[in-house]
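First the structure, in the form of structure tokens, and then the observations on it.
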Amino acid sequence: MKKRIDFDGEYARFAAGKMREMGPVKDEEMENVLNETMRQWLETPAEWLDGRTPDQYFAEKTPEELVEQLTDYTQAGMNVPEPLYGRIAETPGCAPALKAAAAGANAAGRATALRLLCDMNASGLTEVCIDAISGRDDAAEIAVDFLKKGDYATAQAVLKRYDEFPEEDRMALMDVLCSYPGAPGVAERLTERLYNDPEHRGYYAMQAEKLGDEALIEPLLRLSQLSDLGYYDYKEIVNSIEALGGDPGPERQFYGDPDYEALRTADTMPNFDDPA
């Protein structure tokens, strides 16, 4: 690949020159000024691009070359140039190469490629995002956000592949699935998580409340009586039971539990803000 061009640095020098010509700029005007200098920079032929504008430079690249440059910038730990990002977003032909980059080894490259695919609303994106969940990185967060905004076909696609994923990915999968109240099969998977992942019972109790399925009241009631339950998890479970229309019964005491004791201490502290 040719020498990597520091587009950010070139823009910074261009903007600095323009702002010196303008003189002092008020803070509230700075955003508009920077937007205007960016517009001018994108439209100005540059000697360092052999007389082309930044947009013209990238317009000459094939879809494969564009994504190759994207990958090169992310691997180098550099910001992706704005005109490169914009050109890729406007080029549907980049989608196949972006899908490959979204499954690549470079974490920053995966996240940027997936974000672009979401911006483009590329075909087959549901499966690409499901694959990305296993990364548990920025790309995984982008994937979860996208999948939570789909339709019930999205929930079924996630559920169909649920068993492929290891234990550590189930929290992200449940975040997606519980965003679709009434989706068949989700309550059963969530019940399994509540029983078999004791370290995250509070999290799954919150997901149960979000899902809104009354079938979860019974397993939550059973969990609320466990002797090894911590106070934090207990409170989340009780809140979920009540939100689903159930009766959690008399409140349990958790003497010795750090969270419970901290709350008790806070409740007995004098209110120094009270003028009385």
Side-chain angles (χ1 to χ4, degrees), residues 1-11 38-39 41-42 49 52-162 164-166 168-169 171-173 175-177 179-180:
M1 184 177 221
K2 293 182 180 179
K3 182 179 178 181
R4 193 181 301 113
I5 300 172
D6 182 9
F7 282 85
D8 282 358
E10 294 294 346
Y11 165 67
M38 173 62 75
R39 184 193 65 77
W41 179 70
L42 291 173
L49 290 177
R52 293 166 293 185
T53 69
D55 282 337
Q56 289 170 341
Y57 172 80
F58 288 113
E60 297 174 358
K61 307 296 181 183
T62 66
E64 292 74 20
E65 288 172 336
L66 290 170
V67 178
E68 181 184 355
Q69 289 201 330
L70 173 82
T71 301
D72 186 57
Y73 279 102
T74 57
Q75 286 179 338
M78 296 175 65
N79 291 331
V80 177
E82 182 66 27
L84 173 58
Y85 193 101
R87 174 59 57 178
I88 293 175
E90 296 171 358
T91 308
C94 289
L98 285 172
K99 290 177 182 178
N106 177 254
R110 285 197 303 272
T112 304
L114 191 58
R115 189 176 294 111
L116 274 160
L117 287 166
C118 292
D119 290 346
M120 298 162 68
N121 197 25
S123 63
L125 192 49
T126 295
E127 293 299 326
V128 173
C129 286
I130 294 173
D131 288 335
I133 285 177
S134 62
R136 295 183 296 282
D137 53 14
D138 289 346
E141 292 183 12
I142 294 168
V144 167
D145 287 343
F146 176 84
L147 292 169
K148 287 165 67 174
K149 298 173 184 175
D151 54 23
Y152 279 76
T154 302
Q156 289 306 303
V158 174
L159 198 59
K160 184 178 180 180
R161 295 186 53 190
Y162 179 87
E164 298 176 14
F165 288 82
E168 55 265 30
D169 293 328
M171 292 177 68
L173 292 168
D175 190 16
V176 173
L177 290 171
S179 299
Y180 296 92

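Predicted, not measured: the structure shown is a model, and the values here were computed from it.
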Is the shortest side-chain heavy-atom distance between [X] and [Y] below 4.5 Å?
X	Y	result
S123	K99	yes
L98	L70	yes
T53	L42	no
L117	F146	no
D6	M78	yes
Y11	P83	no
Q75	T71	yes

(request) Could you walk me through whether Y85 and T112 pass the side chain to side chain contact (heavy atoms under 4.5 Å, CB included) test, one step at a time? (result) CA-CA 9 Å; Y85 193 101; T112 304; 4.2 Å; yes

Distance check, rounded to the nearest 0.5 Å: [X] atom [atom1] versus [Y] atom [atom2]?
X	Y	atom1	atom2	answer
D175	K148	CG	NZ	3.5 Å
L116	L66	CG	CG	10.5 Å
N79	T74	CG	OG1	11.0 Å
E164	I133	CD	CD1	11.0 Å
L159	Y152	CG	OH	13.0 Å
L114	L125	CG	CG	6.5 Å

Which heavy atom in [X] sits nearest to a heavy atom in [Y], and how many Å separate them?
X	Y	answer
N106	G109	OD1-N, 2.5 Å
A95	A122	CB-CB, 4.4 Å
A172	V144	CB-CG2, 4.0 Å
A132	A143	CB-CB, 3.9 Å
L177	A155	CD2-O, 3.4 Å
L147	T154	O-CG2, 3.5 Å

Between the main-chain N or O of [Y] and the side-chain N or O of [X], is there a donor-acceptor pair closer than 3.5 Å?
X	Y	value
E65	T62	yes
R115	I142	no
T91	C94	no
Y180	G150	yes
Q156	A153	no
Y73	R4	no
R110	A103	no

(request) Would you verify whether the NZ or CZ of K160 falls within 45 degrees of the ring axis of Y162 while also being under 6.0 Å from that six-membered ring's centre? (result) no

(request) Flag the pair F7 / F58 as yes when their ring centroid distance falls below 6.0 Å, and as no otherwise. (result) yes

(message) Strictly below 4.0 Å, N to O, side chains only: are K61 and E68 in salt-bridge contact?
(response) no

(message) Do the side chains of R161 and D131 get close enough for a salt bridge, i.e. N-O under 4.0 angstrom?
(response) yes

